[in-house]
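Keep in mind that this is a model prediction, so the values were computed, not measured. The first residue of the sequence shown is numbered 1, and numbering continues consecutively from there. FYI, side chains are in, hydrogens and waters are out, and symmetry mates aren't considered; it's all heavy atoms of this structure.
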Amino acid sequence: MSDEILYTQIKKQFNLFVNPPTIPNYIINNLNHEIRPYQEEALQHFIFVQDSDNADMSFNHLLFHMATGAGKTLVLAATILYLFKEKGQQNFIFFVNSDAIIKKTYDNLTNVASPKFLFKSSEIEIDGEQVLLQIVDVFPITPSENTIYLKLTTIQKLHIDLTNPKENSLTYDSLENMKIVLLADEAHHINSMTKSDKRKLNTKEAEERTWENTISRLLRLNPANRLIEFTATIDLNNDALFNKYSNKIVYQYDLKRFMEDGYSKNVVLLQTNEDDLNKMLSAMLLSQYRKYVARDNGIDLKPIILFKSNKVATSMNANIEFLTLVENITIDQLQDIIQKGLIIHQSEKSIWRKMYSYYDGKDLEQVIRDLKWDFTKETTLNANEQSLLSENNALLLNTLEDLNNPIRSIFAVAKLNEGWDVLNLFDIIRISEGAAGTKTATDSEAQLIGRGARYYPFVLEGEKSYLRRFDFAGSDLKIIETLHYHTINESAYIKNLEQSLAAADIQVKEDKYYRLEAKVKPKIRKLEMFKTEKFILIGLLLQLLVTINHLKITMFQPPMR
């Protein structure tokens, strides 16, 4: 199927007899971030079809299918500049399915102080002329020169405005004599309804079908109109979707290629049988170890932990328990955890072994002071609270990489799965898990893992890189190029999760370790010595198992050839 899509056809022409177009300097000079090779290729494909004589008929509706974290918004900003300069387009409608994404996009397009601001300055410069980007609710009948008008809205609000006209809102009549460009982010919400009509639609599907019809009508108002969609999610195995989009996918860069090219974090699954409190404590120690490793190498890093639950009540309670856990931790408790961890995790390649070995030589009093300073009520954000919808919290979520942003831990159910743009998320911990998760649940988790896999570009020895550097190097810095997903050790759930990850093209590894456990007989448990020296006895048993296991490996290892 992939051989039949527009992207492949363009690529073949570039490989055979067509020279790819050059990216205009006014695009490169106005963007705040360097264009990566695949983004340059995406723009070349777009410019190539828009420069064709039949663009209004054949290429007025296009789709960029690009992985989460691949910088679709930067490509979107470049398309705005190109269509304004080359095609005289001044009216742009950006729409999504979520208010949270609107707030984030508004900040990225208008807040010069934001590290994610897309342009180099508040004013765009093209051919020596200053161009103003103006956010509007409606487009002016007589537009000013050198002005780009941009309306930011949700698909729901856009549909309501158009079907229930009122003062200071868009109407079909007002748009009929204008050229407009429709920019659809997370576009699967409007294309997911292109399915077979053999079955009856449910309420949600019928609603989305209505949205899709609204967008189609807007596109048809004027031959010069454009609909440009951006998504990381499209099922081309669905015949109806393939038939609709095969001649519209102008560029394809899926998550598998994105990860293979080194633009993402590595993803490692950490399976455990621990209860929630111990899982939260282990994750916090791992996150702090990550921060220490970065600091020891002169790197400023504020790693984020996400505690993911299935229910709001569970998440709220876990938030309280976590803060209580941090407040009450003691040196003796931490010392016991470290020693037990060193006994249980024997493989030198295990991240747990590396972490516990690091803490074994640290001043634990200082470690606890750091924990109690870094993980407090003020540095924790509960994304289930209604206040998340406030502008301040939306800004906190969009600027987590900023060292002045205090947040270190986030508790959430499902509000952050889509549209969340964060680079310094390194640990995702499932809280209060039941038995095997459903395929639907693990699909959602795969989507969240894909978002967490965005690479954190750090400066090392004066050089900032957007590619992984330590895949083939024995460096502790691998930990800041890795996302750890902490989950239960339950076979049915892991099977579902692995299937969901494979379907999403997310490549995962498992931590290199072996864990040995000893069951103590009831009569031994009753001994006074076991009650008073339990930890020492368990440690001796585990060490004995390690020795036996090592002997077994040695005895049955095949001879070297």
Side-chain angles (χ1 to χ4, degrees), residues 31-34 36 68-74 77 98-122 263-265 283-284 286-307 370-371 373-383 385 387-412 415-416 418-428 448 451-460 462-466 477 479-483:
L31 295 179
N32 199 23
H33 306 279
E34 184 177 344
R36 299 175 184 177
T68 297
K72 295 189 293 292
T73 312
L74 191 70
S98 160
D99 278 318
I101 302 177
I102 291 294
K103 292 172 183 175
K104 178 192 78 171
T105 306
Y106 181 86
D107 192 54
N108 292 349
L109 288 168
T110 64
N111 182 8
V112 182
S114 169
K116 296 176 183 176
F117 184 60
L118 293 168
F119 301 108
K120 282 190 177 174
S121 69
S122 58
Y263 287 105
S264 73
K265 300 184 187 84
M284 179 175 60
L286 184 59
S287 179
Q288 203 70 342
Y289 166 62
R290 203 182 309 265
K291 181 179 177 180
Y292 287 143
V293 168
R295 186 187 66 187
D296 292 347
N297 287 274
I299 299 167
D300 287 330
L301 174 66
K302 179 177 66 72
I304 302 294
I305 310 175
L306 174 64
F307 296 102
D370 290 344
L371 290 173
W373 176 263
D374 282 8
F375 296 95
T376 66
K377 184 177 180 179
E378 290 72 28
T379 64
T380 299
L381 185 63
N382 196 301
E385 297 174 351
S387 61
L388 177 68
L389 300 177
S390 73
E391 187 174 337
N392 287 339
N393 276 341
L395 188 60
L396 280 176
L397 283 171
N398 195 37
T399 59
L400 287 168
E401 299 89 352
D402 190 340
L403 295 176
N404 293 321
N405 181 318
I407 301 302
R408 282 293 305 275
S409 57
I410 299 172
F411 287 80
K415 292 186 178 181
L416 303 177
E418 186 174 279
W420 190 28
D421 182 12
V422 60
L423 305 180
N424 57 333
L425 174 64
F426 290 95
D427 292 281
I428 302 175
L448 179 60
R451 291 206 160 274
R454 293 176 181 226
Y455 187 75
Y456 178 78
F458 55 91
V459 177
L460 180 65
E463 183 180 345
K464 188 173 187 178
S465 175
Y466 293 87
L477 286 171
I479 195 171
I480 60 176
E481 296 188 332
T482 303
L483 170 72

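Judged purely by atom type and a 3.5 angstrom limit, Arg36 has no side-chain atom pairing as donor or acceptor with the backbone of Ala70. Remark: the backbone N or O of Leu460 is not paired with any side-chain donor or acceptor of Asn297 at under 3.5 angstrom. Arg454 places no side-chain N or O within 3.5 Å of a backbone atom of Thr68 that could act as its donor or acceptor partner. Judged purely by atom type and a 3.5 angstrom limit, Lys265 uses its side chain to pair as donor or acceptor with the backbone of Gly452. Judged purely by atom type and a 3.5 angstrom limit, Thr379 uses its side chain to pair as donor or acceptor with the backbone of Asp374.
Ionic pairing of Asp370 and Lys291 is not present here: no N-O contact between side-chain nitrogen and carboxylate oxygen is shorter than 4.0 angstrom.
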Apply side chain to side chain contact (heavy atoms under 4.5 Å, CB included) to residues Ile410 and Leu306 and explain how you reach the verdict. CA-CA 5 Å; Ile410 299 172; Leu306 174 64; 3.8 Å; yes
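Shown here for Thr482 and Arg290, the closest heavy-atom pair between the two residues is O-NH1, 3.1 Å. The minimum heavy-atom distance linking Phe426 with Leu301 is given by the pair CE1-CD1, 3.7 Å. Across all their heavy atoms, Ala383 and Ala412 have their closest contact at CB-CB, 3.8 Å.
How far OH of Tyr466 is from NE2 of His33: 7.0 Å, rounded to the nearest 0.5 Å. Here the CG atom belonging to Asn424 is positioned 8.5 Å from the CG atom belonging to Leu403, to the nearest 0.5 angstrom. To the nearest 0.5 Å, atoms CG (Leu425) and CD (Glu401) are separated by 10.0 Å. Atom OH of Tyr456 is separated from atom CD1 of Ile304 by 10.0 Å, given to the nearest 0.5 angstrom. Between the CD1 atom in Ile480 and the OH atom in Tyr455 there is a gap of 7.0 Å [rounded to 0.5 Å]. Note that the CD1 atom of Ile102 and the CG atom of Asp107 stand 13.0 Å from one another [nearest 0.5 Å].
Contacts of Tyr106 classified as side-chain contact (heavy atoms from CB on, under 4.5 Å), with partners at least two apart in sequence or in another chain: Thr110, Ile135, Leu152. Among residues two or more places apart in sequence or in another chain, the side-chain contact (heavy atoms from CB on, under 4.5 Å) test is passed with Ser287 by Pro303, Ile305, Phe375, Arg408, Asp427. For Tyr289, the ring-ring contact (aromatic ring centres under 6.0 Å, His included) partners are Tyr358, not counting sequence neighbours. Every side-chain contact (heavy atoms from CB on, under 4.5 Å) that Asp402 has, sequence neighbours left out, goes to Thr399, Asn404, Asn405. Under the ring-ring contact (aromatic ring centres under 6.0 Å, His included) criterion, Phe307 pairs with Phe322, Phe411, sequence neighbours left out.
Looking at Leu109 and Phe119, their side chains come closer than 4.5 Å, going by heavy atoms from C-beta outward. Within the 4.5 Å cutoff, the side chain of Ile479 has heavy atoms near those of the Leu286 side chain.
Sorted pairs that involve residues 294-307 and meet salt bridge (charged side-chain N to carboxylate O under 4.0 Å, His left out), not counting sequence neighbours, are lacking altogether.
Residue-environment remark: NZ (Lys120) exceeds the threshold of 12 foreign heavy atoms within 6.0 Å.
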